[in-house]
Amino acid sequence: MPRHTTVAIIGGGPAGLLLARLLHTAGIDSVVLESRDRTYVEQRQRAGILEQATVDALRACGAAARLDREGLVHQGIELRFAGRSHRIDFPSLTGGRTVTVYAQTEVVKDLIALQLAEGGPLLFEAQAHEVAGADTERPEVRYTHEGRKQTLTCDYVVGCDGFHGIARAAVPEQVRRTYERTYPYSWLGILAEVPASCDELIYAHSPRGFALHSLRSPSVSRLYLQVPNGTDPGDWPDDRIWDELDARFAIDGDWRLERGPITAKAVLPMRSFVTEPMRYGRLFLAGDAAHIVPPTGAKGLNLAATDAVVLARAFAHLKATGSADLLDAYSDTCLRRLWRAEHFSYFMTSVLHTDPAQSPFDTRLQLAQLQRIAGSRHAAAELAENYTGLPMEGSVPPSFPSAR
Ligand code: APR
Ligand code: PHB
């Protein structure tokens, strides 16, 4: 195990793994420290809707062979509200864009296999405790592996250690600003061994709360129900879940939700969170370590991938030219696009869910907004562009003021 590396990466989720792969492709060495074991990281259930830019990044680092075989290209989504179904057609609204359905668990498995086969070191059960000297030329990561305390020195540290990680704390409080919103509801997510009852994802607004029908593979469906915060999944026997899904997805006309054995149940809280800046000295934050979106709209993985791409490009530019310009621009570059995605995720969440404190007036406003999306090409295109992923540059005018 090297004691020094160019880029020390804390966290082996999608952000850290993709960054390590992209750096490897650019001939830059790194070490990934991941606190959990391999099985845990590979089994963690998360969304699985990939924007084209995420697919491109996985291809660029050689990790898309299985994705190209098994990923399902989706050309739209279905919105359900007031007993009716409306399709949002991505290609015709966005000039040809689509998304690819391929679970985050599979993205992570593919990246891990490749990195272990031919990349730099990727250590599981290696828990980072502290980033020291972030504002010096020679930062250090202190971590424990196989019961021994170790120190990794490096040129740069990237905190890809998710929302509960330790890297963010190395940015001094006087420098760091955080923005946060919690939501008064959670999602009960299930995996079921049953083919999806739909060809495309269904996002349903109903008087009983939000429901989402997604899928993991041709034989496994992923479904979600809005539930109160603090819900115990034990209070939701399988029949209750299917009955509630039936009620929330109900439309006038013919549609049937197929039932099957439920193999996993979990309650997920909803949060929006941003920390600024995403860089302090030689420490960079990427993915959930820097920002969280609520899952409505499936932006989390894609935002993590964008950070990894922007950062890998900046390191490659530094290596090729000696210029740190792109590294210096990293935080602003990512935050500009991030805030758009924050707004989109917040918008999708608040227009589709029922806030427990919501009045009938609020519900009418939600329905008016959903009707506008269903009835106006402009409103539908706004949703489709955001859902399929806005380009890195051009998502805001160049004159947009710096985030700091
Ligand atoms: N030391 C080492 N590893 C750590 C530490 C630590 N102190 N703390 C956390 N980690 C690891 C976690 O075990 C996890 O594997 O960092 C990784 C962070 O991964 P994610 O939480 O998946 O975050 P990220 O890679 O940014 O990916 C974001 O994941 O949460 C979803 O919806 C989100 O899809 C998005 C994606
Ligand atoms: C999922 O497949 O888990 C999923 C899909 C779309 C979302 C959120 C989650 O908006």
Side-chain angles (χ1 to χ4, degrees), residues 10-11 13-16 35 44 46-47 104 128 131 134 158-189 209-210 212 224 226-231 266-280 283-308 310-311 330-358 362 366 386-387 390 395-396 400-404:
I10 307 176
S35 57
R44 205 165 28 197
R46 261 66 182 284
Q104 182 170 315
V131 176
V158 185
C160 298
D161 49 350
F163 182 67
H164 300 288
I166 54 105
R168 205 168 52 239
V171 183
E173 293 221 347
Q174 322 74 277
V175 182
R176 188 170 12 130
R177 274 203 277 158
T178 57
Y179 303 85
E180 188 162 18
R181 181 185 188 98
T182 53
Y183 296 82
Y185 34 73
S186 303
W187 279 10
L188 173 66
F210 171 73
L212 169 62
Y224 298 97
Q226 174 189 341
V227 290
N229 286 342
T231 293
V267 170
L268 325 165
M270 316 268 283
R271 170 185 278 126
S272 300
F273 173 87
V274 182
T275 185
E276 294 186 349
M278 289 168 61
R279 180 240 180 118
Y280 174 69
L283 167 67
F284 295 84
L285 301 175
D288 280 11
H291 42 70
I292 300 280
V293 286
T296 335
K299 286 285 156 238
L301 170 60
N302 295 295
L303 291 168
T306 307
D307 292 350
V310 174
L311 202 44
Y330 168 74
S331 180
D332 284 349
T333 305
C334 290
L335 284 169
R336 267 202 298 275
R337 186 171 181 276
L338 170 77
W339 275 109
R340 173 90 290 284
E342 285 289 346
H343 180 269
F344 175 66
S345 305
Y346 155 81
F347 167 74
M348 287 288 279
T349 302
S350 40
V351 82
L352 287 166
H353 290 71
T354 306
D355 188 315
Q358 180 162 322
D362 299 327
Q366 287 180 319
N386 280 278
Y387 196 98
L390 290 165
S395 52
V396 286
F400 188 82
S402 154
R404 271 171 293 154

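Start at 1 with the first residue, then count along the sequence.
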Visitor: Does a side-chain heavy-atom distance below 4.5 Å link M270 with T182?
Guide: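 No - every pair of side-chain heavy atoms lies 4.5 Å or more apart.
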Visitor: For E173, is the CD atom crowded, meaning more than 12 foreign heavy atoms sit under 6.0 Å from it?
Guide: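 No - once you tally the heavy atoms of other residues, nucleotides and ligands closer than 6.0 Å, there are 12 at most.
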Visitor: Hey, are R176 and E276 close enough for a salt bridge, meaning a charged N less than 4.0 Å from a carboxylate O?
Guide: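 Result for this pair is no, no salt bridge flagged.
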Visitor: Could you tell me the separation between the CG atom of L390 and the CG atom of N302, rounded to the nearest 0.5 Å?
Guide: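 Answer for the CG-CG pair, L390 versus N302, is 11.5 Å.
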Visitor: Got a donor-acceptor contact below 3.5 angstrom from the D161 side chain to the A167 backbone?
Guide: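 Side chain of D161 to backbone of A167: a pair is present.
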Visitor: Run the numbers on S186 and L268 for side-chain contact (heavy atoms from CB on, under 4.5 Å), then give the verdict.
Guide: CA-CA 6 Å; S186 303; L268 325 165; 5.9 Å; no
Visitor: When you compare the side chain of E180 with that of R271, does any pair of heavy atoms fall below 4.5 Å?
Guide: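 Yes, their side chains come closer than 4.5 Å.
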Visitor: Kindly give the heavy-atom pair with the smallest separation between T349 and P294, and that separation in Å.
Guide: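 Smallest heavy-atom distance, with atoms named: OG1-CG, 3.4 Å.
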Visitor: Would you say the side chain of L335 lies within less than 4.5 Å of the side chain of S331, judging by non-hydrogen atoms?
Guide: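 Yes, side chains in contact.
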Visitor: Indicate whether the side chain of T275 and that of R177 have a donor and an acceptor atom separated by less than 3.5 Å.
Guide: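 Not at all, the side chains of T275 and R177 share no donor-acceptor pair under 3.5 Å.
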Visitor: Do any N or O atoms from the side chain of R168 and from the backbone of A289 form a donor-acceptor pair under 3.5 angstrom?
Guide: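 Yes, the answer is positive, given that a donor and an acceptor are paired below the 3.5 Å cut-off.
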Visitor: Locate the shortest heavy-atom distance separating M278 from A290; write the atom from each residue and the value.
Guide: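 Looking at all heavy atoms of both residues, the closest pair is CG-CB, 3.9 Å.
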Visitor: Do I10 and V158 pass the side-chain contact (heavy atoms from CB on, under 4.5 Å) test, and can you show the C-alpha distance, the side-chain angles, and the key distance before you say yes or no?
Guide: CA-CA 6 Å; I10 307 176; V158 185; over 6 Å; no
Visitor: If I take atom CG from residue N229 and atom OH from residue Y185, how far apart are they, to the nearest 0.5 angstrom?
Guide: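 N229 atom CG to Y185 atom OH measures 9.5 Å (nearest 0.5 Å).
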Visitor: Which heavy atom in I166 sits nearest to a heavy atom in A128, and how many Å separate them?
Guide: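 Closest heavy-atom pair between I166 and A128: CG1-O, 3.7 Å.
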Visitor: Give the ring-plane orientation class for F163 versus F273, where under 30° counts as parallel, over 60° as perpendicular and anything between as tilted.
Guide: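 Plane angle over 60°, so perpendicular.
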Visitor: Please say whether the positively charged group of R340, taken as NZ for Lys or CZ for Arg, lies over the ring of F344, i.e. under 6.0 angstrom from the six-membered ring centre and within 45 degrees of the axis.
Guide: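 No; the conditions do not both hold, so R340 does not lie above the ring face of F344.
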Visitor: Start with the C-alpha gap between H353 and T296, add the side-chain angles, then the distance that decides, and say whether side-chain contact (heavy atoms from CB on, under 4.5 Å) holds.
Guide: CA-CA 10 Å; H353 290 71; T296 335; 3.6 Å; yes
Visitor: Is the backbone of Y387 close enough, under 3.5 Å, to the side chain of K299 for a donor and an acceptor to pair up by distance?
Guide: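 Yes; at least one donor-acceptor contact below 3.5 Å.
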Visitor: Between the main-chain N or O of P228 and the side-chain N or O of T231, is there a donor-acceptor pair closer than 3.5 Å?
Guide: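 Yes, T231 side chain to P228 backbone: donor-acceptor pair under 3.5 Å.
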Visitor: Could you tell me if the side chain of L311 sits less than 4.5 Å from the side chain of F284, heavy atoms only?
Guide: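 They are in contact (side-chain heavy atoms under 4.5 Å apart), so the answer is yes.
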Visitor: For residues W187 and V227, report the shortest heavy-atom separation together with the two atoms involved.
Guide: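 For W187 versus V227, the nearest heavy atoms are C-CG2, 4.1 Å.
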Visitor: May I have the step-by-step check of side-chain contact (heavy atoms from CB on, under 4.5 Å) for V274 and E342, ending in yes or no?
Guide: CA-CA 9 Å; V274 182; E342 285 289 346; 3.5 Å; yes
Visitor: With no hydrogens and no angle check, just 3.5 Å: does a side-chain donor-acceptor pair link Y183 and S350?
Guide: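 Their side chains do not contain a donor-acceptor pair, so the 3.5 Å distance test is not met.
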Visitor: Ignoring hydrogens and angles, tell me if any N or O in the side chain of Q104 forms a donor-acceptor pair with the backbone of R44 under 3.5 Å.
Guide: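 Pair absent, no side-chain N/O of Q104 close to backbone of R44.
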Visitor: Looking only at heavy atoms, which two atoms of L283 and G159 are closest? And how far apart?
Guide: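 So the two residues come closest at CD1-N, 4.1 Å.
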Visitor: Quick check: are there more than 12 heavy atoms from other residues, nucleotides or ligands sitting under 6.0 Å from OH of Y346?
Guide: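 Not buried by this count: 12 neighbours or fewer within 6.0 Å.
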Visitor: Determine the minimum heavy-atom distance between Q358 and D362, stating which atoms define it.
Guide: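 Looking at all heavy atoms of both residues, the closest pair is CG-CB, 3.4 Å.
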Visitor: Return yes if a side-chain donor-acceptor contact under 3.5 Å exists between H291 and D307, otherwise no.
Guide: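 Note: H291 and D307 side chains meet the donor-acceptor criterion.
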Visitor: Is the Y179 ring parallel, tilted or perpendicular to the W339 ring (thresholds 30°, 60°)?
Guide: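 Y179 vs W339 ring planes: perpendicular.
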Visitor: What I'd like to find out is whether the side chain of V293 reaches to under 4.5 Å of the side chain of L303, using heavy atoms alone.
Guide: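 Touching, per the 4.5 Å side-chain cut-off.
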